[in-house]
> 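Attaching a single structure in structure tokens format; questions to follow.
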Amino acid sequence: MRSGIFFCQVEENNRLNINAVAKYAANLPSVEVVREMGIHPRLDAKDLAKQIQADNLQRIVIAGDMPGYFKPVFAKAMALAGHDPLEVRLASFREHGASAAPTLERAKAIVACAVFGVPFALAVMPAETTVHQTTLIIGGGIAGIQAALEIADAGKPVCLVERFGTIGGHMAMFDKTFPTLDCAACILTPKMVSILQHEMIRLLTNSEVIAVSGSPGSYRVQIKCRARLVDVEACVACNMCSEICPVEVPSEFDAGIARRKAIYIPFPQAVPNAYLVDREHCLYVQSAGKKCGACAKKCPKECINLDQKDDFIEMEVGNIIIATGYDVLSAEDIKQYGYGMFPNVLTALEFERLTNASGPTGGKIVTKSLRLNKRSKKEEWVFDPHGEAPKNVAIIHCVGSRDQNFNSYCSRVCCMYSLKFAHLVKEKLPDANCYEFYIDMRAFGKGYEEFFERIRQEGTFVIRGRSATVSQENEKMVVTGEDIIRDKLIQFPVDMVLLAVGLIPARGTEELSRMLGLTRDEDGWFSELDYNGNPTDTERGCVFVAGMCQSPKDIPDAVAQASAVAAGVLRSISSGRGIGHRGSVTLSDIEARAKSLQAK
Amino acid sequence: MAIRVNPKIIDDLAVYGAEDVQLCYHCGNCSAVCPHADEFNVFPRKPMRNLQMGLEKKLERSLEPWLCYYCGQCSEQCPRGAEPGETMMSLRRWLTSRYDVTGLSRLFYRSWKAEMIAILVLALLTGVAFFLFGMLRGDIHVYSGPGAFLPSSAVHLFDWSMAGVLAALLFVNSLHMWRLVFGSKDGPKPNLFMYLKHLPQLPWHFLTQNRFRTCQERNGLWLIHLLLVASYLTMLVLIMFFLPTMQSGPEIRWTVHTFGYAASIGLIGATIFMLHGRLKKTRTQFQHSHKSDWLFLIMLVYVALTGVLQHIAHRAGFPVAANLVYIMHMMGVVPMLVLEVPFSKWSHLAYRPLAMYLAAVQRDALLGRSSQGGEILAPRRIA
Amino acid sequence: MSFEPRILGILCNWCSYAGADLAGTSRIHYPPNVRIIRVMCSARVDPTFVVKALVSGADGVLICGCHPGDCHYSEGNYKTMRRIPLLKKVLKDFGIEDERVRLEWISASEGQRFADIVKDMTERIRVLGPSHVACELHADPRER
Amino acid sequence: MKAKIGVYICHCGSNIAKIVDCEAVREYISTLPEVAIARTYKYMCSNPGQDLIVQDIKEHGLQRVVVAACSPRMHERTFRAALQAAGLNPYMFEMANIREQCSWVHDDPQAATEKAKALAQAAVRRVVHHEALEQMTVDMCPNTLVIGAGIAGLTATLELAEAGQKVFLLEKQDHLGGNLARVDLTAPYLDSARDLLIERITRVRSSGNIELLLNSRLQQLQGYVGNFTATLSRTGHDGPGTGKIREIQVGNVIVCTGYREFAAERVTHFGYGKLPDVITSFDFEKMLQAGRIECCDGTIPKYAAIIHCVGSRSAEFHGYCSRVCCMTALKYVHEIKSAVPSCYVSDLYIDMHAFGKGHEDFYRRTSEVKTMFLMFGKGDHPIIRSAGPKDDCKMLIEVNEQLSGELIEIPADLVILMVGMEAQEDAMETARLVNISQDKEGWFIESHPKLDPVATTTDGIFIAGTCVAPKDIPDTVAQARAAAARILARIAKGKIAVDAVYAEISDDACSGCRICNELCPYSAIEYDDKKKRSHVISAMCKACGACVAACPSGAIKGRHFTDQQILAQIEGVLR
């Protein structure tokens with residue numbers, strides 16, 4: 001079986017030494033011809049067919065970052081030359097992780113497997129290792145919670161580490177979820193309570209993983225449990241301490257549209273259902289014990305200890321699941337929409353908290369009104385439940401997404417939650433007008449398209465054409481855009497603008513990926529082992545990714561990925577054999593294995 | 001009746017500089033942010049769309065590329081980097097080649113080698129012709145006055161005849177532009193009164209390029225461009241009417257020469273600024289430079305410099321050198337004028353004001369009654 | 001002292017009971033006239049429960065379930081949606097006013113809505129006055 | 001014999017005590033005859049609070065416990081554990097919610113205390129009737145039946161097999177791979193679909209735990225979670241043993257029957273079937289695999305056109321979006337440009353759904369090769385007709401293009417219809433066999449899209465992949481592994497703990513009227529022909545109580561929520 005290898009690159013990749021790989025490929029068995037065709041070569045099927053006939057090649061291997069782009073022309077050439085077009089094989093460096101972390105070894109191995117006609121994933125079987133029973137899950141959002149419950153329900157111990165004071169992640173902030181508009185709390189809080197009460201789950205909130213060492217299946221992990229200054233077992237969330245606390249800061253959980261004290265509980269159903277102290281703003285902590293300390297005195301159960309120190313935990317775990325979720329692009333950077341300049345330009349998370357029944361205005365949609373802040377004696381724009389309801393609301397999609405100046409990728413969930421917002425506005429303010437500015441209405445999931453139709457019938461003006469600017473004209477906020485379908489420029493006054501701001505990886509993803517040796521794609525999301533075949537494993541053995549941290553996705557997909565990761569973990573624990581680092585497999589092992597598989 | 005789309009046009013336009021127009025996914029930001037777009041002319045997205053779809057007839061008829069003065073805001077905000085500003089610029093080049101009935105403009109835009117050859121041939125011809133003329137008739141040692149190597153009267157005659165030819169060519173092309181815009185059956189049909197009413201817009205825009213000024217904070221460029229136009233016009237007037245005095249004896253006739261010096265400084269300064277801008281890509285509109293832009297600027301600088309040199313040589317009393325530089329000067333002037341004015345970038349001196357004028361007329365025709373006059377910048381419609 | 005109606009609340013465990021709890025955790029105040037018992041699903045509410053309540057001195061019965069489509073058992077509330085109106089028709093013949101028995105859908109995040117419903121129902125029954133069934137059967141000494 | 005009851009009233013710090021006079025409640029409750037001990041304590045849910053209960057049970061031999069404190073949704077499980085620790089059956093316990101539903105929501109102390117007394121008394125009256133219930137556990141057969149051997153079926157099977165569990169992989173066709181086997185490359189990175197399948201199939205064939213049953217169908221499925229009996233039949237037309245019946249024992253079933261592509265001829269204005277060069281996406285995949293992209297008469301197409309949403313997002317056919325065709329269409333553009341660089345490709349779409357990882361960059365890369373993207377309205381009908389003699393193309397597509405607002409004609413020698421996804425023709429039959437339900441479009445209904453995307457209302461039956469809703473390969477693989485995870489979790493526990501709370505039908509009271517049979521959302525009630533009685537399968541019953549309330553003869557007893565208990569509670573709360 002005479003083979004010919006053609007190196008064709010789609011994109012410039014100076015980190016990989018192509019001709020070194022070519023030299024290696026030349027002396028693989030059955031390889032007659034090796035040709036480097038360069039970057040995005042102009043290939044013509046006819047003269048390729050001539051070459052194939054001249055060298056009488058029965059099998060073609062196209063090697064490159066994305067060889068699929070050149071497969072059709074080679075298949076056509078093979079057909080023209082009278083050979084079997086199915087014998088065109090791909091050696092994709094991108095798919096098998098050779099262009100992200102460009103190791104020459106890996107590229108050679110990929111080409112070798114293609115020549116032997118063996119799928120790379122089969123040939124690269126990392127050595128199996130024993131697996132410690134405990135699983136570490138980083139991130140307590142819906143994905144982390146789902147994975148933790150599925151593994152713990154199988155009777156395997158889990159340690160869930162969450163950086164914030166409570167688990168629940170971003171989903172806990174939402175009121176309704178698309179497309180069924182069922183309430184996020186009804187889904188999430190029962191799961192959070194069962195996390196707390198589950199005997200197999202050790203919950204560490206207010207904590208972060210600071211160091212990981214060891215090998216797959218037995219990682220030594222160092223976790224820093226930042227002092228909560230409140231005894232979680234004792235506190236019954238009676239809110240007495242918070243009433244006394246003199247310090248008021250914007251509440252992260254309410255996306256900054258409401259304020260909380262230095263000692264606070266993120267939200268009433270927080271798990272653990274206990275207060276915690278925000279040490280950056282607590283007067284006592286900042287003054288090293290000289291000032292305030294009122295809450296400790298007031299607490300009837302004396303469960304506040306303002307001198308508590310951080311403590312560090314060492315533990316051994318078998319598998320690590322990363323479910324660190326996402327953050328939102330800061331809307332100030334996108335100047336044309338005036339976020340920060342105009343008070344009533346809100347980001348999506350802020351509006352989620354505004355419409356939430358347990359939010360600062362009890363779910364009433366109001367525009368910000370100017371109120372005097374007693375402490376700072378300055379006039380401030382705040383949400384007052386008795387504020388004035390907006391008459392015209394504009395919702396702008398793709399703010400900072402699908403935009404080469406910010407995020408080039410689509411953040412996948414904004415179209416649907418924007419439609420949900422339009423529904424909430426229409427439902428709570430029947431006489432308000434709601435304008436939806438979109439480029440492509442991406443309602444792709446189960447029940448999404450019907451939801452979009454329902455919103456359209458409810459009277460929301462859906463305008464194709466991302467609005468360009470939000471400006472001020474005689475005291476009124478004005479949105480300017482082009483209505484492409486009706487082919488005219490539009491500009492009209494609005495009282496409130498909702499920005500569907502793009503999503504970016506969570507803060508700290510950079511350090512975590514360095515700590516665990518994980519690769520990330522050019523947008524910063526964690527890279528999966530194989531886009532199609534294995535979307536939740538990673539290059540590193542026994543390390544999995546689930547939910548948003550792998551790339552933006554909605555709740556059902558995040559939950560499905562979390563369960564898929566649970567499958568991987570349970571498989572390794574129940575069979576006692578974890579998969580090692582793929583990087584640890586040497587070229588010769590892969591070659592040997594490929595040869596043996598080819599024989600079968 | 002359905003219009004046939006033509007996928008070849010977009011490749012055609014790539015030669016004129018529109019390399020990124022295919023990236024546009026029609027978010028509508030550029031039209032919304034463009035200071036000049038209004039309810040009658042929604043651009044730059046619409047022309048880009050017609051270009052993507054190869055609707056040649058619609059592109060030919062549209063005046064919108066001429067309404068864009070490349071302030072660059074759309075290109076900065078474009079999420080896909082489809083360079084709407086540069087696409088408008090390329091459409092202007094394409095329209096120039098479209099308006100030109102002779103087809104030369106199309107040839108020069110498509111292959112700059114052809115243009116170089118044409119320039120060289122023309123330069124040689126003018127050089128040889130002037131030299132022979134000079135040798136036969138005059139004395140190389142005499143620069144001005146009777147018996148001059150290149151007597152101003154002869155040059156005068158030559159200038160005027162050339163100006164006549166070029167004006168005719170430009171006029172024909174402008175007519176062709178008018179026919180394209182209003183010639184089509186289903187287009188708006190303005191009546192004579194509308195044409196007359198907006199006539200003052202022609203000189204107004206020709207002299208002030210007022211539309212360029214309204215490009216918000218990009219005024220800097222408008223001032224420099226205005227300086228360039230003013231200097232060029234003064235130089236033109238001096239050469240066409242005061243050539244003898246320009247070339248007269250050693251004493252300096254301050255009434256004429258001050259204009260001359262100011263104009264040449266203005267010309268050289270402005271072109272150097274433009275060249276520097278394009279080299280260093282200082283602004284959005286200088287990011288992409290088509291070969292025709294370079295050629296135009298280089299020839300302008302060459303002509304201005306040789307003009308100044310010739311004057312210095314004449315003043316410094318080297319008649320032979322002055323005459324030789326004079327010939328080199330003419331070897332630059334003739335190709336520049338013959339090629340640039342009717343066929344290339346310089347034709348915008350006619351097409352831009354004409355476009356503003358026709359747009360005002362078109363707007364009236366569309367409105368069906370004579371408008372209240374004033375700027376065609378109708379206020380944005382409030383929905 | 002004015003008449004204080006006594007209302008029995010039968011709430012489904014997954015949505016309305018959780019909503020009532022949320023009203024608690026968010027400290028939303030409502031009159032104390034409603035006393036709540038918990039059942040797994042609103043479909044568990046047997047018409048005899050309502051009759052038993054009215055006979056045992058309740059001036060009103062409030063039955064709450066999940067919003068249609070939200071039911072933890074997917075179709076439980078559809079059955080309640082049929083049973084309670086049918087029961088109210090029967091009770092009308094016994095002179096029980098329509099407003100004394102009420103069916104409401106409350107989701108786990110609608111604490112405020114639960115409180116409003118309790119306020120509204122208490123006022124309506126205070127206007128209606130005590131249930132005559134209770135008085136006749138027990139010759140209850142309580143004043144009108 | 002008077003049951004000895006212990007009642008504990010919690011102060012919850014000041015949360016209850018601030019409004020409710022706990023001491024007064026304690027005194028009132030201690031006057032009740034059934035109550036042996038009544039105590040109050042600051043924090044009943046704390047460890048010391050629970051120890052109070054345990055000591056009292058041990059010393060005073062309490063038989064029932066009532067705690068008046070916070071909501072049972074918070075600490076019912078905590079206190080039940082305390083009872084269990086003290087050796088008392090955990091179901092001999094009732095909570096009175098005097099915090100969330102009393103002290104926190106009322107500000108009149110006197111009324112709140114009265115209400116607290118009533119709630120506590122109701123709990124006491126109820127707990128008197130509580131019975132000891134044992135958590136029933138059902139042992140579970142670790143084998144699994146996977147129906148459908150597409151990418152979903154193969155992935156789920158491998159997850160289970162490589163975890164050491166026995167799997168029966170059932171496939172009605174004679175080969176593995178399902179719809180993915182008909183695809184050449186995948187979007188957006190144009191990786192090879194063949195390699196992915198070869199890898200999965202090689203691992204399936206070389207695994208000892210998988211029994212491959214090709215050309216076989218599910219005839220019947222009986223039993224309940226953990227104890228299913230599946231009867232299979234071979235459908236192979238000619239192969240040996242056609243129609244052979246076989247019985248297997250399995251604990252769980254995963255349905256991954258995939259999808260069927262929409263029949264393009266149903267859309268008349270595309271002329272599929274009449275115009276030879278109008279082909280569907282799967283026809284084009286065949287061309288790609290054969291390396292011959294050409295029109296029917298063998299000529300190389302100068303113009304190609306791709307039309308999206310054929311049968312999807314349309315009022316007459318399917319309202320939903322089939323989710324994968326946009327990316328597949330962009331893939332075809334690159335494949336055409338690679339094989340026929342000179343071909344001009346135009347792409348007619350409604351909305352470009354490039355939502356996934358790497359999709360938007362792929363969409364941009366497709367724009368870079370100068371594809372002419374044309375957007376048509378959702379209700380619009382592009383019409384394909386053959387071109388005239390003077391046209392330089394075979395067909396012309398006429399459509400109202402939205403981005404330019406023009407009625408345009410597009411030249412095309414080859415038109416590829418992106419046919420959407422539809423439920424399999426035998427989906428109705430499969431659904432009835434495994435007792436799961438379908439939505440109006442024929443897709444199987446999951447028990448909860450967010451809580452439980454792979455489980456169904458019938459316990460033990462899982463669904464994964466495109467049979468649930470259209471989805472691409474990564475999401476299908478994730479769902480298949482999620483289904484496997486649920487089963488692995490159950491197998492790891494060995495037994496399935498069936499909740500002690502379920503309905504029971506007493507044989508003598510049941511009149512066999514069968515009202516309860518189809519009433520049960522989980523079809524957990526069977527009718528026994530011989531005894532002419534209905535019978536509840538306790539493992540499948542979820543204790544919603546719908547049947548208990550509906551039974552005309554009161555024959556069904558809802559354990560832990562019996563009529564007796566609730567009526568007593570009503571009486572107590574209205575004292």
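Chain identifiers are assigned alphabetically (A, B, ...) following the order of the sequence lines, protein sequences preceding nucleic acid strands; residue numbering begins at 1 within each chain.
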> Contact part of C:Y17 toward chain D, heavy-atom cut-off under 4.5 Å: side chain, backbone, both or neither?
both
> Spell out, as yes or no, whether a donor-acceptor pair under 3.5 Å connects the side chain of D:H106 to the backbone of C:Y30.
yes
> Which bit of D:A550 is near chain C, if near means a heavy-atom gap under 4.5 Å: side chain, backbone, both or neither?
both
> I'd like to know which of C:G76, C:P47, C:G24, C:A115 tops the heavy-atom pair count under 4.5 Å against chain D.
C:G24
> Going from NZ on C:K79 to CG on D:L519, what distance comes out if it is rounded to the nearest 0.5 angstrom?
5.0 Å
> Where do C:R35 and D:A118 come nearest, in terms of heavy atoms and distance?
NH1-CB, 3.2 Å
> Any idea which heavy atoms bring C:Y73 and D:Y522 closest together, and the distance?
CA-OH, 3.1 Å
> Does anything in residues 563-571 of chain D get under 4.5 Å of chain C by heavy atoms, and if so which residues?
D:D563, D:I566, D:L567, D:Q569, D:I570, D:E571
> Is chain C contacted by the side chain of D:I445, its backbone, both, or neither, given a heavy-atom distance below 4.5 Å?
neither
> I'd like to check D:C544 versus C:R44 (side-chain heavy atoms, cut-off strictly below 4.5 Å). Are they in contact?
no
> Closest approach of C:P32 and D:K115, non-hydrogen atoms and distance?
O-CD, 3.5 Å
> Test side chain to side chain contact (heavy atoms under 4.5 Å, CB included) on D:V573 and C:L8; report intermediate values, then the result.
CA-CA 8 Å; D:V573 91; C:L8 172 72; 3.6 Å; yes
> Under the ring pair (Phe, Tyr, Trp, His ring centres under 6.0 Å) definition, can you give me all pairs with a residue in residues 551-575 of chain D, not counting sequence neighbours?
D:Y91-D:H560, D:H130-D:H560
> Measuring heavy-atom distances to chain D, does C:N13 have an atom under 4.5 Å in its side chain, in its backbone, in both, or in neither?
both
> So how far is it from C:R38 CZ to D:R126 CZ, rounded to the nearest 0.5 Å?
8.0 Å
> For residues 84-98 of chain C, dump all side-chain donor-acceptor pairs below 3.5 Å to protein atoms at least two apart in sequence or in another chain.
from, atom 1, to, atom 2, distance (Å)
C:K88, NZ, C:V101, O, 2.9
C:E97, OE1, C:R100, NE, 2.7

> What part of C:A18 is in contact with chain D, defined as an atom under 4.5 angstrom from a non-hydrogen atom: side chain, backbone, both or neither?
both
> Return the option, out of C:D46, C:T48, C:L22, with the maximum number of heavy-atom pairs under 4.5 Å with chain D.
C:D46
> Less than 4.5 Å to any heavy atom of chain D: does that hold for the side chain of C:V34, its backbone, both, or neither?
backbone
> Report, by ascending residue number, the residues of residues 96-104 of chain D in heavy-atom contact with chain C at a distance under 4.5 Å; give 'none' if the set is empty.
D:N97, D:E100, D:Q101, D:W104
> Heavy-atom distances under 4.5 Å only: say whether C:I36 touches chain D with side chain, backbone, both or neither.
both
